[in-house]
Number of protein chains: 2
Amino acid sequence: MTKPKLGIQLKAKGYKLTQQRQQIMNFLQDSSLRLSAQDIHQQLKQQNSAISLDTVYRNLRLLTEIGIVGQISLPSGSVYERVEDQEHHHHLVCVDCEKVVCIAYCPEMKTYMAQAGAAGFDVIGHSFEIYGRCASCRHKYLHS
Amino acid sequence: MTKPKLGIQLKAKGYKLTQQRQQIMNFLQDSSLRLSAQDIHQQLKQQNSAISLDTVYRNLRLLTEIGIVGQISLPSGSVYERVEDQEHHHHLVCVDCEKVVCIAYCPEMKTYMAQAGAAGFDVIGHSFEIYGRCASCRHKYLHS
DNA sequence: ATCAGTGCAAACCATTTGCACGCGA
DNA sequence: TCGCGTGCAAATGGTTTGCACTGAT
C-alpha cells in the first residue's frame with residue numbers, strides 16, 4: 001500500500017513487470033505465510049493462472065536478490081516471505097516439524113554490523129536463523 | 001569440559017559406537033568450523049580413513065536427531081556443528097569473491113537465544129552470516 | 001550369533017539451465 | 001522491433017534408500 005509499487009522497484013533495477021511476477025507477489029502479499037516455490041505454483045494453478053514451476057523459482061530468486069522477498073532455508077527446501085524493512089525480524093526453525101516462528105528484531109544486531117563495517121565490508125544483507133526443537137516436538141522427542 | 005563420552009550417549013539411545021561415528025565426531029570436535037557432509041567426507045578421505053558419503057549423511061542425521069550435533073540449513077545444503085560448542089563465531093561472506101572473514105562471538109546473541117527459550121524452543125544451533133562486498137571487491141565493483 | 005551399520009548404486013527431489021518461442025517496453 | 005522472460009525438458013547436486021554384506025556387542 002504505502003511501499004513502492006512492485007513495477008517501480010523492478011523497473012528501477014532494469015527488470016520488467018510481467019504477469020507472472022505480479023501474480024507471485026500478489027500471493028506473498030496476501031498471505032503472511034511463508035510459502036515454498038511449490039506452494040505458490042500449486043495455488044496459482046488452482047486459480048487458473050498456470051505459470052510454470054521454473055518461472056516461480058526464477059522469479060523468487062530474482063525477487064530475493066533484489067531484496068523484495070526473503071528466503072528461509074529448511075532441510076526440505078526453501079520458503080519465502082515478503083520483506084518489509086520496517087519489520088525486519090528473524091526466525092526460530094524447528095528441526096523436526098520445520099515450523100517457523102518469528103522473533104523480534106533486536107537492536108544488538110547492530111554490534112555485528114559495526115564489526116562488518118570495521119572489516120571494510122559493504123553490507124548487502126544478512127541471515128540469522130535459530131534451529132532447535134519446538135515445544136510440541138520436544139515432547140514427542142522425549143517420549144520416543 | 002568433560003562432557004559425556006560419545007559411546008555412552010549412543011548406547012543410552014540404543015546405538016552402537018562405530019569407527020565411522022567416532023571419526024565423524026572427532027572431526028567435528030577438532031574443528032570449530034561448521035562442516036558439510038561433503039567436507040567431512042573429503043577430509044576423512046585425506047586422512048586415509050575412507051568412509052562412504054552415505055554413511056556420513058546417515059550418521060550426521062542420527063547425531064542430529066540425538067541432539068549431539070546441530071544442523072544448519074543453507075541454500076546450498078546443510079552444515080553441521082557440535083552442539084556444545086559455545087565458542088563458535090560468525091562470518092562475513094563476500095558475494096563477489098566468496099572470501100569468508102570471521103567475526104568475534106558477541107554476547108548480545110544471547111538476547112536472541114533468550115527469546116528462543118521463551119518461545120519454548122530447545123536451541124540446537126543457529127546460523128548467522130552477513131553478506132556483502134569486501135574492500136577489494138568493492139573497489140573493483142565501483143570501477144566496472 | 002544377531003542385527004544394527006556399512007558400502008554401493010540407484011532413486012529422489014528441490015532447484016537450475018539450455019534452447020526456442022512469446023511478450024513487455 | 002529488441003531482448004528479456006517464459007515454458008518445456010533435461011541436467012544438476014545434495015540427500016536418501018534398497019539390498020546384501022560386515023562388524024560391534
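Chain naming here is simple, since letters A, B, ... match the order of the sequence lines and numbering starts at 1 in each. Heavy-atom basis, side chains included; hydrogens, waters and symmetry copies ignored.
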For B:S127 and A:Y131 the tightest heavy-atom approach is CB-CE1, 4.0 Å
Assign each of A:V56 and B:A37 the nucleotide of DNA chain D bearing its closest heavy atom; nearer the 5' end lies the nucleotide of A:V56
Note: A:I24 and A:V56 closest approach over all heavy atoms is CD1-CA, 3.9 Å
Practice task
Quick one: label B:S36 by what it contacts on the DNA or RNA (base, sugar-phosphate, nothing), any heavy atom closer than 4.0 Å.
Solution key: nothing
Fill in: Test side chain to side chain contact (heavy atoms under 4.5 Å, CB included) applied to A:F27 and A:Q43, step by step
CA-CA 9 Å; A:F27 229 94; A:Q43 304 205 32; 3.2 Å; yes
DNA chain D: first to last nucleotide in contact with chain B (atom under 4.0 angstrom from a heavy atom), 5' to 3', is D:dG14 to D:dT25
Of all heavy-atom pairs linking B:L6 and B:R21, the shortest is CD2-O, 3.9 Å
Separation of C:dT16 atom P from A:N59 atom CG, nearest Å, is 12 Å
Residues passing the salt bridge (charged side-chain N to carboxylate O under 4.0 Å, His left out) test with A:E129, sequence neighbours excluded, are none
Besides A:Y57, the hydrophobic cluster formed by Ile, Leu, Val, Met, Phe, Trp and Tyr side chains linked at under 4.5 Å, directly or via other members, contains A:L53
When rounded to whole Å, the CD to P distance for the pair B:E65 and C:dG5 reads 12 Å
Side-chain donor-acceptor pairs of residues 64-73 of chain A under 3.5 Å, sequence neighbours excluded:
| residue | atom | partner | partner atom | Å |
| --- | --- | --- | --- | --- |
| A:T64 | OG1 | A:L60 | O | 2.6 |
| A:Q71 | NE2 | A:S78 | OG | 2.9 |

To the nearest angstrom, the CG-P distance between B:L44 and C:dG7 comes to 11 Å
Students should find that the end-to-end axis angle of the helix from C:dA1-D:dT25 to C:dA25-D:dT1, with five pairs defining each axis and rounding to 10 degrees, is 40°
- Query: Is any side-chain heavy atom of B:T18 closer than 4.5 Å to a side-chain heavy atom of B:L10?
  - Reply: no
Sorted by number, residues from residues 13-21 of chain A placing a heavy atom under 4.0 Å from DNA chain C are A:K16, A:L17, A:Q19
Minimal heavy-atom distance between B:S49 and B:Q23, with the atoms involved, is CB-OE1, 3.5 Å
Whole-Å distance, A:L63 CG to C:dT15 P, equals 15 Å
Kindly determine whether B:Y80 and B:L35 satisfy side chain to side chain contact (heavy atoms under 4.5 Å, CB included), including the steps that lead there.
CA-CA 5 Å; B:Y80 303 82; B:L35 303 167; 5.9 Å; no
Between B:D54 and B:P75, whichever has its closest DNA chain C nucleotide further toward 5' is B:D54
From OH of A:Y57 across to P of C:dC13 the rounded distance in Å is 12 Å
Just to confirm, is there a sub-4.0 Å distance from OP1 or OP2 of C:dT6 to any side-chain nitrogen or oxygen of B:T55?
-> no
Check your understanding: Okay, side chain of B:R34, backbone of B:V79: is any donor-acceptor separation there less than 3.5 Å?
Key -> no
- Check every strand shown and say whether B:R61 touches a base, only sugar-phosphate, or nothing at a heavy-atom separation below 4.0 Å. sugar-phosphate
Taken to the nearest whole Å, CZ/A:R58 to C1'/C:dT15 is 11 Å
